[in-house]
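Worksheet for the structure shown next.
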Amino acid sequence: MTHDEAPHAADTQQEPQRQPEPTKAAAGPVRLSAEQVHKQLPQGWQGDETSIWRDFSFEHYLDGVRFAERVGQQAQQANHHPDILISYGKVRVTYSTHDAGGVTALDLEEAASIIDLK
Ligand SMILES: C[C@H](O)[C@H](O)[C@H]1CNC2=NC(N)=NC(=O)C2=N1
């Protein structure tokens, strides 16, 4: 081997063994920013990056109870469960995605849909 054929340092370094990319677990719903939530709030809803909520008014207490039952049935179907506060003449429904620690598209979708249950 002549002098100018001496191996360069780079030639002797082994390429680092690239580790295979770990398979990513299925990504859960993505937590939205306060601005994203504000822009996408369905009509009648209010909230921030931690949760969204809406008050539904009822003439009779039991109408609110029955509405809450319908919301609960849909929540079970969707596997996405809001907090439901039943008061006299009013039901407050609050959505957040526990698994994401904030508001996600799931919350916005469910919120937009439950007006049809009134
Ligand atoms: C295991 C079960 O599917 C999860 O805990 C579901 C159930 N319902 C849920 N409801 C809400 N609001 N947020 C969640 O993250 C959630 N996760």
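All heavy atoms count here, side chains included; hydrogens, waters and symmetry mates do not. Just follow the structure's listing: the first ligand is 1, and inside any ligand the first atom is 1.
For R92, the side-chain contact (heavy atoms from CB on, under 4.5 Å) criterion is met by W53, D55, L85, K90, T94, not counting sequence neighbours.
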Should Q74 and S113 be marked as a side chain to side chain donor-acceptor pair (under 3.5 Å) after you check the CA-CA gap, both sets of side-chain angles, and the distance that decides it? CA-CA 9 Å; Q74 176 167 310; S113 74; 2.5 Å; yes

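Taking CG from D116 and CZ from R70, the interatomic distance works out to 11.0 Å, rounded to the nearest 0.5 Å. Distance check, rounded to the nearest 0.5 Å: CG of D83 to NE2 of H81 gives 11.5 Å.
In terms of hydrophobic clustering, with Ile, Leu, Val, Met, Phe, Trp and Tyr side chains grouped at heavy-atom distances under 4.5 Å, L117 and Y95 are assigned to a common cluster.
Using a 4.0 Å heavy-atom criterion, the residues that approach ligand 1 are N79, H80, H81, S96, T97, H98, D99.
For the residue pair D99/T97, the side-chain donor-acceptor check at 3.5 Å is not satisfied.
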